[in-house]
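Everything below concerns the one structure shown next.
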Amino acid sequence: MWDSTTINMILEGILQTIYMTVTSTVLGYLLGLPMGVLLTISDKNGLKPNPFLYKVLDAISNIVRSIPFLILLILLIPFTRQIVGQSYGSTATIVPLIICSAPYIARMVEASLKEVDPGVIEAAKAMGAGNTQIVFKVLLVEARTSLVTNATIALGSVLGYSAMAGTVGGGGLGDIAVRYGYYRYQTDIMLVTVVLLIVLFQIFQNSGMAVAKKLDHTKKS
Amino acid sequence: MHEIEVKNLSKSFIEKDIRVDALSNINLTVEKSDIYGIIGMSGAGKSTLIRCFNYLERPTSGQVIINGKELGQLNENELRAERTKIAMIFQHFNLLQQKNVIDNVIFPLTIQGVKKSEARAKAFELLATVGLEEKANAYPSQLSGGQQQRVAIARALASNPRILLCDEATSALDPQTTASILSLLKRINKETGITIVLITHQMSVVKAICNKVAVLEAGELVESGNIEDVNLPEDKYFWIDGDSHLKKRKDQVNNRKEVADYVG
Ligand SMILES: Nc1ncnc2c1ncn2[C@@H]1O[C@H](COP(=O)(O)OP(=O)(O)O)[C@@H](O)[C@H]1O
Ligand SMILES: [Mg+2]
């Protein structure tokens with residue numbers, strides 16, 4: 001049974017999983033990062049408090065996060081079909097993955113930026129820095145280690161969700177695991193895909209943490 | 001024209017429906033090249049007052065006039081431009097932890113859009129002034145407190161400010177380091193004519209370098225004037241600090257002498 005078709009299928013599964021996970025996390029960041037920045041600056045002790053904007057973003061992020069991923073995926077099927085042209089396969093899975101991950105990423109970005117020492121922000125203000133300069137030259141720079149750490153965590157979670165999407169034909173390793181392991185009782189294939197998912201997770205995790213460590217200058221060296 | 005003029009300044013904070021009057025009706029003037037000390041106990045309102053000097057804190061009422069310009073009349077951009085001429089250093093240095101020393105010193109210049117090469121040249125000059133050229137590529141976490149404060153001073157001087165505000169700038173430092181930072185401030189004041197306002201809870205600091213002093217008590221200015229003329233409540237403010245209240249009195253007397261000797 002370990003013929004070349006199976007091996008090719010697994011190889012393709014690996015590529016699809018990497019494609020879904022990385023693309024979704026990157027695009028999720030493209031949405032989540034600005035959302036996190038806005039949450040940070042519009043909060044009551046932020047650079048430009050705006051209770052209305054904060055409440056709106058806060059509500060969006062809480063609502064999306066409270067919907068279980070599989071249900072979100074199904075809810076989004078019409079929307080996904082509009083954008084991608086179909087509602088199954090790895091490209092289609094990217095749509096719900098982005099929408100699910102963006103609010104999580106926004107929250108993590110918010111937490112990272114709020115960790116920046118208020119004294120440093122105050123020093124920048126005293127030098128005549130404007131809010132935009134403070135965001136780009138102080139907040140995002142000082143928080144970069146924590147941002148990369150959180151991006152790594154996000155990447156790991158998205159990997160997990162992408163596998164979950166396999167239960168409804170989402171493509172990738174998760175899809176293979178469900179089709180062969182669950183529907184056809186080919187436990188060996190399922191085990192292989194599970195091991196591969198674990199290996200991918202470790203690779204993502206270790207490279208992310210290595211980057212974060214390299215960027216960090218707050219520890220004595 | 002006065003360098004800094006504070007007129008009838010009051011500041012209250014509202015917190016959970018309770019009003020805290022942090023400053024009431026403060027009047028003081030600082031002249032060009034003064035080293036003006038503001039002394040008071042913890043919670044007296046010193047930080048609030050000095051933060052009004054660059055409008056990091058907006059007074060509830062009253063005026064702050066810097067070199068003839070009333071800060072309250074300025075719009076956001078004018079205020080930011082004015083702040084580039086009023087530098088500030090802090091108790092905990094507040095350096096950017098992820099930037100090395102030279103980039104920290106360059107920082108205020110990049111904010112103003114100064115060319116990188118020009119900014120670097122200026123920054124190296126300033127690192128020489130504070131005696132830290134060889135640390136240009138070090139990160140703040142690799143420096144001692146005194147070294148970090150020197151970097152902060154170099155950073156503060158980068159935009160050629162007229163005024164330097166010091167919020168408890170030596171309070172986190174030991175007596176020897178305090179003395180060396182104070183003598184550095186004094187030297188910069190002599191060489192450049194920069195006006196220095198420093199707030200402290202340590203009488204020794206005031207005695208070491210200030211030519212004028214004001215005493216702040218519970219948000220009110222109870223005394224102010226030339227250091228020789230002001231009746232300084234020696235016992236009350238002497239080396240008091242938040243947690244080691246009046247502790248090790250004898251050592252402190254010696255420390256104070258040391259600081260005074262060192263600064264000369
Ligand atoms: N942002 C703020 N909100 C509420 N109260 C404040 C704030 N800043 C300062 N205060 C209060 O104002 C008083 C003076 O504080 P501060 O200026 O920090 O004193 P000092 O620097 O002399 O120790 C204190 O009672 C403090 O609790
Ligand atoms: Mg204070």
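What you see below is based on every heavy atom in this structure, not just the backbone, and it leaves out hydrogens, waters and symmetry mates. Source: prediction; values computed, not measured.
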Query raised in the report: For the atom pair CD1 (A:Ile121) and CG (B:Leu56), what is the distance rounded to the nearest 0.5 Å?
Result: 12.0 Å
**Report entry** B:Tyr55 side, atom OH; A:Lys125 side, atom NZ - distance, nearest 0.5 Å
**Finding:** 15.5 Å
Query raised in the report: Would one find more than 12 heavy atoms of other residues, nucleotides or ligands at under 6.0 Å from atom OH of A:Tyr54?
Result: yes
Requested in this report: Would you mind checking which part of A:Leu215 comes under 4.5 Å of any heavy atom in chain B, side chain (CB onward), backbone (N, CA, C, O), both or neither?
Outcome: backbone
Query - Under 4.5 Å from a heavy atom of chain A, the part of B:Leu79 involved - result: neither
Report task. Report yes if some heavy atom in the side chain of B:Arg80 is under 4.5 Å from a heavy atom in the side chain of A:Met127; otherwise report no. Result -> no
Query - B:Lys99/A:Glu142 salt bridge by N-O under 4.0 Å criterion - result: no
**Report entry** CZ (A:Phe79) with more than 12 external heavy atoms under 6.0 Å
**Finding:** no
Query raised in the report: Is the number of heavy atoms from other residues, nucleotides or ligands under 6.0 Å of B:Glu70 CD greater than 12?
Result: yes
Query raised in the report: Less than 4.5 Å apart, any side-chain heavy atom of A:Val120 and any of B:Leu95?
Result: no
Query raised in the report: Just by modelled atom types, is the B:Ser141 backbone N or O under 3.5 Å from a matching donor or acceptor in the A:Thr218 side chain?
Result: no
Query raised in the report: How many angstroms lie between CD in B:Gln98 and CG in A:Asp216, if you round to the nearest 0.5 Å?
Result: 5.0 Å
Report summary line: Note: vs chain A, highest number of non-hydrogen pairs under 4.5 angstrom among B:Thr84, B:Asn77, B:Leu96, B:Ile89 is B:Leu96
Query raised in the report: Within a reach of under 6.0 Å around NZ of B:Lys32, are more than 12 heavy atoms found that belong to other residues, nucleotides or ligands?
Result: yes
Query raised in the report: Checking B:Arg83 side chain against A:Gly128 main chain: does a donor-acceptor pair fall under 3.5 Å?
Result: no
Requested in this report: Spell out, as yes or no, whether a donor-acceptor pair under 3.5 Å connects the side chain of B:Asn94 to the backbone of A:Gly119.
Outcome: yes
